[in-house]
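Following: one structure in structure tokens, then a few remarks.
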Amino acid sequence: MPEKINTDKKVGQYRFKDRCKHQLEKVLAAQSSIFIFGSKISNMTNLTVTEYINKLFAQFEPALKDILIKNAMLRDFGDGDLLMQTGQNMRFTVLIVEGKIKLYREGEDGQEFFMYYLQPGDACALSMICATKQETSQVMAKAIEQTRVLMIPIALMDQLMRDYKTWYYFVIETYRTRFEELLFVIDNIAFKAMDERLAFYLKKQAADLNTKELHLTHSEIASDLNTSREVISRLLKKMEQARQIVMHRNYIEYLM
């Protein structure tokens, strides 16, 4: 009889875990979740949560790695998928493990202003802030190539900040890095003419994406720099005449 009770308890535990997993999957699929358009991607690296954490976040202390491995979930997104929209509830914060994400600020008239990229090893500072304070998202985030993220429930944030120094320093460094990037963007807007802003933008795109072939349309650049397509086309032509770029049919070759 005691053995039967123990068996029943184990069955109950498995059923409880299945229900929890099912509920989490429902949350992830909900529109109110931070991530809304996840895709199934067949050619992503076949690594586990443990392998990603050991590879990209080796600085984390063993106990922190253990709690992340037990609670984090991998999620894939295709090129062009939206991860986050303005006004969405934040239920997770994320660590990027593959691909690239582009963050935008959306204006009242629907215009989009480019802020910065997130790459493997980065975390989304804004999702950390909003998740901790239980606020809605103030930015948009879009995958610009096939991307994979580690999703960490916000319920863990207070514990991680309180109990694990490596997480605390990681969050502080993430805030500092993003703040400096935003200051850089503000400096370019406030103190530079559009031709200088465009030159800086292309230089940063080449550095961030690690390529001289920039697959950007004139409209995309204009949207990122909050100007008109005509202005960008005219300035790109001047840059080409100055042999700073070469405009091909489907991409811009950066020569600097």
Side-chain angles (χ1 to χ4, degrees), residues 77-88 96 99-127 129-130 136-147 173-256:
F77 296 88
D79 184 2
D81 282 351
L82 285 174
L83 285 78
M84 185 164 42
Q85 282 189 325
T86 303
Q88 281 190 285
I96 290 76
K100 290 185 179 69
I101 296 171
K102 197 172 187 178
L103 267 75
Y104 296 87
R105 176 73 169 163
E106 189 176 27
E108 293 181 358
D109 56 359
Q111 288 183 314
E112 298 172 354
F113 183 79
F114 169 62
M115 296 171 63
Y116 51 77
Y117 289 108
L118 296 175
Q119 304 190 60
D122 290 338
C124 180
L126 294 173
S127 73
I129 296 171
C130 293
T136 57
S137 170
Q138 300 299 310
V139 298
M140 296 173 59
K142 180 173 68 175
I144 61 170
E145 61 185 48
Q146 293 182 345
T147 297
E173 179 62 19
T174 297
Y175 289 168
R176 184 193 65 80
T177 301
R178 301 306 160 217
F179 181 69
E180 288 182 351
E181 286 184 326
L182 290 177
L183 284 181
F184 213 49
V185 171
I186 292 170
D187 286 345
N188 275 273
I189 295 172
F191 306 119
K192 292 187 178 180
M194 184 56 68
D195 57 344
E196 294 176 300
R197 289 176 57 193
L198 176 60
F200 168 78
Y201 172 85
L202 295 177
K203 179 181 179 180
K204 194 171 189 305
Q205 290 281 326
D208 289 345
L209 302 177
N210 194 29
T211 180
K212 297 288 187 180
E213 294 185 7
L214 304 177
H215 293 267
L216 300 164
T217 67
H218 294 197
S219 295
E220 285 179 290
I221 298 172
S223 177
D224 284 352
L225 296 180
N226 198 25
T227 187
S228 68
R229 182 186 181 282
E230 291 73 20
V231 169
I232 294 301
S233 297
R234 175 171 53 81
L235 292 176
L236 286 174
K237 188 172 182 180
K238 285 186 177 181
M239 291 184 70
E240 186 173 40
Q241 291 170 348
R243 298 184 179 180
Q244 297 174 320
I245 63 170
V246 176
M247 289 192 288
H248 298 272
R249 182 172 183 179
N250 297 316
Y251 67 93
I252 298 170
E253 183 180 358
Y254 184 71
L255 301 179
M256 302 295 289

Report all side-chain donor-acceptor pairs from residues 199-212 shorter than 3.5 Å, counting only partners two or more places apart or in another chain.
from: Y201; atom 1: OH; to: Q205; atom 2: NE2; distance (Å): 3.4
from: Y201; atom 1: OH; to: D224; atom 2: OD2; distance (Å): 2.6
from: K204; atom 1: NZ; to: D208; atom 2: OD2; distance (Å): 2.8
from: Q205; atom 1: OE1; to: Y117; atom 2: OH; distance (Å): 2.5
from: Q205; atom 1: NE2; to: Y117; atom 2: OH; distance (Å): 2.9
from: T211; atom 1: OG1; to: E213; atom 2: N; distance (Å): 3.1
from: K212; atom 1: NZ; to: M256; atom 2: O; distance (Å): 2.7

May I have the list of side-chain donor-acceptor pairs in residues 229-252 shorter than 3.5 Å, sequence neighbours left out?
from: S233; atom 1: OG; to: H218; atom 2: ND1; distance (Å): 2.7
from: S233; atom 1: OG; to: R229; atom 2: O; distance (Å): 3.1
from: E240; atom 1: OE2; to: M247; atom 2: N; distance (Å): 2.9
from: H248; atom 1: NE2; to: E253; atom 2: OE1; distance (Å): 2.9

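In this structure, the salt bridge (charged side-chain N to carboxylate O under 4.0 Å, His left out) partners of R178, at least two apart in sequence or on a different chain, are D122, E181. With sequence neighbours excluded, the residues forming a side chain to side chain contact (heavy atoms under 4.5 Å, CB included) with N226 are Q111, F113, listed by chain and number. For A143, the side chain to side chain contact (heavy atoms under 4.5 Å, CB included) partners are F77, L83, T147, not counting sequence neighbours. With sequence neighbours excluded, the residues that form a side chain to side chain contact (heavy atoms under 4.5 Å, CB included) with S137 are M84, M90, V139.
We find the NZ-CD distance between K100 and E145 to be 4.5 Å, quoted to the nearest 0.5 Å. Considering CD of Q119 and CD1 of I101, their distance stands at 10.0 Å, rounded to 0.5 Å. Residue D79 holds its CG atom at 8.0 Å from CD1 of I144, rounded to the nearest 0.5 Å.
Within the 3.5 Å criterion, the main-chain N or O of E173 finds a donor-acceptor partner in the side chain of T177.
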